[in-house]
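Given the structure is predicted, the values throughout are model-derived calculations rather than measurements. Within every chain, numbering begins at 1; the chains are lettered A, B, ... in the order of the sequence lines, protein sequences first and strands thereafter.
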There are 2 protein chains.
Amino acid sequence: MKVQVVEDILSANEQLALKNRRLFDEKDVFVLNIMAAPGAGKTSVIESIIEALGGQARVGMVDGDVASTIDADRVARLGVPAVQINTGGACHLDANMIATALPSLSLDEIDLLLVENVGNLICPTGFDLGEHLKVMIASTPEGDDKPYKYPGMFTAVDALLLNKVDLLPLLDFDLDYFRHGVEVLNPGVPFFPLSCKTGEGVPEWTEWLVQRWQAG
Amino acid sequence: MKVQVVEDILSANEQLALKNRRLFDEKDVFVLNIMAAPGAGKTSVIESIIEALGGQARVGMVDGDVASTIDADRVARLGVPAVQINTGGACHLDANMIATALPSLSLDEIDLLLVENVGNLICPTGFDLGEHLKVMIASTPEGDDKPYKYPGMFTAVDALLLNKVDLLPLLDFDLDYFRHGVEVLNPGVPFFPLSCKTGEGVPEWTEWLVQRWQAG
């Protein structure tokens, strides 16, 4: 009986995700689910997307955090409509939270919706939000062994960013070991080493994103 | 009815944690539950404890990870008995996992048991393992806003380490802002800025730990 309940819950999330995705497609909104460990640079990546695409796309943001509005405030200061979801204790966003947040955004005036998930490398992968792309941000100070320890996240994503490459000279980070771990889990996944601080690698990532967005 | 089920589960964990704690006390084993985000340096801190206390205490380790035995292997190479718990998909350790791992360790030959929790700033705080001290490791590259975003973890712990202070000159990390966030949540919590890489600050932390261990 317990297993039955779990299956019902998962299926409820999937049904709501499908409903979200239909709404996004109807409104012609392309949606990213951006996932990472705490402090990997999700908001910095979102800021760099807004800077790079400001002229081409109308961007919106949904921010998930256990507490605070720090990240949504950062993005709102750039003139981008941003909605904060405080999950209380929950360690991930789900499709129902997104559905609840959407009425606070004018989807008719948004081309690209950037969803910043809760900082967590485990649970967010289990919950489809209705997004079109799942993007993971790893960061160099976290170490080169993360694909081996958190395989679910690395397997689930459509693109992988490695942020904070400006710190590489100071760290014991073996890029080949990291990439080998990724390739075993998710062969050929688009991979973008970059630094939101120096801007290195950001154009390659945002150009790929524009192509994926324009391809629908 | 659903709330009832949740309460039963929590209470089951608490009962098992109590049982673990009784066993630890009976065997005179002092237990740390070490929690942090992925890549903050849990294993490096454990290595530095082993190095500092090698002569004074017989150390053991229980390592929780979604997958791999990388961290337990690192510690086992130091000659310390180490048991790996692979949680599969679970984002935290619980008292039952610890109880299941304990028969693999000779508690009679251990004074200090270091439990490395799953890399996650949210869920591990909800599960008492039977430990005597909860220790959190934050790290400077994660940013100075973590107390504001993950208040539960910062509130729950008996000691807070801030690792990777050797990187501070390269980061926009406001130590006063960080400490203010911590003080609001957990006034007076023992705080140890350190670098496992350079060794800076490690003696202050391990001396405090020895005192707490010897005080029981």
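- Residue A/Lys19 qualifies as open at atom NZ: its count of foreign heavy atoms under 6.0 Å is 12 or below.
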- Given side chain to side chain contact (heavy atoms under 4.5 Å, CB included), test B/Leu170 with A/Asp166 step by step and report yes or no. CA-CA 10 Å; B/Leu170 288 109; A/Asp166 55 296; 5.8 Å; no
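- Contact of A/Ile70 with chain B is made through the side chain alone, with heavy-atom distances under 4.5 Å.
- If you run side-chain hydrogen bond (donor to acceptor under 3.5 Å, both in side chains) between A/Lys149 and each of B/Asn86, B/Asp65, B/Asp71, only B/Asp71 comes through.
- Residues of residues 152-164 of chain B that come closer than 4.5 Å to chain A, counting heavy atoms only, are B/Lys164, ordered by residue number.
- At a heavy-atom cut-off of under 4.5 Å, chain A is reached by B/Val118, B/Gly119, B/Asn120, B/Leu121, B/Ile122, B/Cys123 from residues 116-125 of chain B, listed in order of number.
- Residues of residues 182-196 of chain B lying under 4.5 angstrom from chain A, judged on non-hydrogen atoms, do not exist here.
- With sequence neighbours left out, A/Ser104 forms a side chain to side chain contact (heavy atoms under 4.5 Å, CB included) with A/Val83.
- The greatest number of non-hydrogen atom pairs below 4.5 Å with chain B, out of A/Pro151, A/Ala40, A/Pro141, is found for A/Pro141.
- Counting heavy-atom pairs under 4.5 Å between each of B/Ala90, B/Ser68, B/Ala37, B/Pro38 and chain A puts B/Pro38 at the top.
- Counting heavy-atom pairs under 4.5 Å between each of A/Cys91, A/Gly89, A/Gly143 and chain B puts A/Cys91 at the top.
- Both the backbone and the side chain of A/Leu171 come within less than 4.5 Å of a heavy atom of chain B.
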